[in-house]
Amino acid sequence: MITVRGLHKQFGQHPLFRGIDLDISRGEVVVLIGPSGSGKSTFLRCINGLEDFEQGGIVVDGIELHSLSGRRPEEGDRAAIRRVRLKVGMVFQQFNLFPHMTALENIIEAPVRVLGIDRTTASENARSLLRRINLEKKIGSYPDQLSGGEQQRVAIARALAMRPQAMLFDEPTSSLDPEMVGEVLSVIKDLVNEGMTTVIATHEMGFAREVADRIVVFDKGEIIEIGQPEEIFTRPKTERTKVFLSRVLQG
């Protein structure tokens with residue numbers, strides 16, 4: 001579903017990625033862990049075309065994203081990014097809901113404007129999604145009338161309304177109060193159980209261990225270890241992974 005080859009990315013004169021390779025199969029759940037600032041979020045943003053990269057390539061379900069290497073994107077580049085974003089939904093740390101729109105309106109906006117779905121059908125789909133995330137009673141609520149956990153669930157529903165083939169989650173619970181984390185993780189678990197191709201960057205180690213098919217460990221812009229959850233959490237191969245896990249699990 002997703003292939004990354006030789007990915008190089010830098011910010012100004014500061015390199016982050018120096019040749020990352022990763023394959024993600026259709027239906028697979030890949031969880032990215034590692035210290036803050038290690039490159040997990042940037043990696044996800046590169047996959048979704050939100051960040052350019054200097055070298056290498058990314059292929060998402062047959063669609064190629066190329067390095068712009070400082071040049072202005074051409075129509076072919078922009079078209080590829082649009083096609084990728086139709087296939088891959090993304091949920092961010094901050095909820096990014098439109099503050100002047102209700103939960104329902106937030107969910108139907110993109111299907112109507114981007115996919116050309118009629119408003120009645122889009123509304124029916126949105127109501128179904130709100131039922132699915134146990135927020136049907138909040139259909140007319142504005143973001144400032146919702147808790148953080150409710151806003152993040154609406155953000156997930158908004159991404160799902162575009163009928164993506166894969167979902168990227170960038171620290172989806174990092175902005176939530178501890179008591180709200182569980183309700184968001186529950187929604188993600190349901191998606192995983194339905195077979196959605198999913199890539200998640202998270203600091204929730206228990207959740208990572210429960211849902212992942214594979215764990216990918218980032219550190220200082222490198223992938224330092226890849227393995228199944230039991231391997232990573234009980235028999236990590238690198239000292240850097242051992243140190244990271246000891247710190248987060250003790251915390």
Side-chain angles (χ1 to χ4, degrees), residues 1-7 9 16-17 19-51 53 56-65 84-85 87-93 152 156 159-160 164-174 181 184-238 240-241 244-245 248-249:
M1 180 70 189
I2 300 170
T3 298
V4 179
R5 286 289 179 272
L7 187 68
K9 169 69 181 174
L16 177 62
F17 302 141
I20 287 181
D21 297 326
L22 186 66
D23 292 321
I24 298 167
S25 300
R26 195 175 303 277
E28 188 177 22
V29 181
V30 174
V31 177
L32 315 180
I33 66 172
S36 296
S38 59
K40 303 184 300 297
S41 296
T42 301
F43 184 73
L44 293 178
R45 291 172 66 87
C46 286
I47 291 174
N48 207 39
L50 291 168
E51 290 278 359
F53 46 93
I58 297 172
V59 181
V60 179
D61 198 26
I63 304 166
E64 296 186 27
L65 297 179
V84 165
R85 290 178 183 168
K87 288 178 176 285
V88 180
M90 187 160 181
V91 176
F92 301 87
Q93 298 176 29
Q152 190 62 295
I156 294 172
L160 292 176
Q165 296 182 24
M167 286 288 291
L168 310 177
F169 292 92
D170 181 13
E171 302 282 3
T173 61
S174 65
V181 169
V184 172
L185 295 183
S186 177
V187 171
I188 298 174
K189 285 178 188 176
D190 288 342
L191 284 177
V192 166
N193 291 335
E194 292 170 7
M196 174 72 75
T197 305
T198 309
V199 189
I200 310 168
T202 185
H203 287 293
E204 300 288 338
M205 295 298 109
F207 173 73
R209 191 168 188 168
E210 179 181 353
V211 304
D213 294 313
R214 283 189 299 158
I215 302 281
V216 178
V217 186
F218 275 76
D219 187 60
K220 297 179 181 178
E222 297 180 66
I223 293 177
I224 60 171
E225 192 163 349
I226 301 176
Q228 295 180 343
E230 284 306 304
E231 294 173 339
I232 297 295
F233 284 101
T234 62
R235 299 182 301 279
K237 295 182 176 65
T238 71
R240 288 152 76 186
T241 301
F244 167 73
L245 288 175
V248 295
L249 294 176

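All residue numbers refer to positions in the sequence shown, counting from 1.
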- line: Nearest heavy-atom contact between Ile47 and Val84 is O-CG1, 3.5 Å
task: Look only at the side chain of Glu171 and the backbone of Ser41, and say whether a donor-acceptor pair between them is shorter than 3.5 Å.
output: no
field: Thr42 side chain vs Gly39 backbone, donor-acceptor pair below 3.5 Å
entry: no
message: I need the Ile188 CD1 to Asn193 CG distance, nearest 0.5 Å.
response: 12.0 Å
Sub-4.5 Å side-chain heavy-atom contact between Gln152 and Pro172: yes
Any side-chain heavy-atom pair of Ile156 and Leu191 under 4.5 Å: yes
- prompt: Donor-acceptor pair, Gln165 side chain versus Gly89 backbone, under 3.5 Å?
  reply: no
Please list, one pair per line, the donor and acceptor atoms closer than 3.5 Å that link side chains of residues 208-216 to other protein atoms, with sequence neighbours excluded.
unit_1, atom_1, unit_2, atom_2, d
Arg209, NE, Glu230, OE2, 3.1
Arg209, NH2, Glu230, OE1, 3.2
Arg209, NH2, Glu230, OE2, 3.3
Glu210, OE1, Lys189, NZ, 3.1
Asp213, OD2, Val29, N, 2.8
Arg214, NE, Glu28, OE2, 2.6
Arg214, NH2, Asp23, O, 2.5
Arg214, NH2, Glu28, OE1, 3.1
Arg214, NH2, Glu28, OE2, 3.3

- request: Compare all side-chain heavy atoms of Leu160 with those of Met167 and state whether any distance is below 4.5 angstrom.
  value: yes
message: Ignoring hydrogens, what is the shortest heavy-atom contact between Leu65 and Phe53? Give both atom names and the distance.
response: O-CZ, 3.4 Å
task: Return each pair, listed once, that meets ring pair (Phe, Tyr, Trp, His ring centres under 6.0 Å) where at least one residue sits in residues 216-238; pairs must be two or more places apart or across chains.
output: Phe43-Phe218
field: Residues Arg240, Glu222; criterion side-chain contact (heavy atoms from CB on, under 4.5 Å); working and verdict
entry: CA-CA 11 Å; Arg240 288 152 76 186; Glu222 297 180 66; 3.7 Å; yes
- prompt: Within the distance-only criterion (no hydrogens, no angle test), does the side chain of Lys237 pair as donor or acceptor with the backbone N or O of Glu225 below 3.5 angstrom?
  reply: no
field: Non-hydrogen side-chain atoms of Arg85 and Leu50 separated by less than 4.5 Å
entry: yes
- prompt: Quick check: does any side chain N or O of Lys40 sit under 3.5 Å from a backbone N or O of Ile200, one acting as donor and the other as acceptor?
  reply: no
- request: Please round to the nearest 0.5 Å and tell me the distance separating atom CZ of Phe244 and atom CE of Met205.
  value: 4.5 Å
- prompt: Do Leu44 and Leu32 come close enough that some side-chain heavy atom pair is under 4.5 Å?
  reply: yes
query: Can you tell me how far CD1 of Ile33 sits from CG of Leu245, rounded to the nearest 0.5 angstrom?
result: 5.0 Å
message: Tell me if the CD atom of Glu231 is crowded by more than 12 foreign heavy atoms within 6.0 Å.
response: yes
- prompt: Hey, does the side chain of Asp21 reach the backbone of Gly6 with a donor-acceptor pair shorter than 3.5 angstrom?
  reply: yes
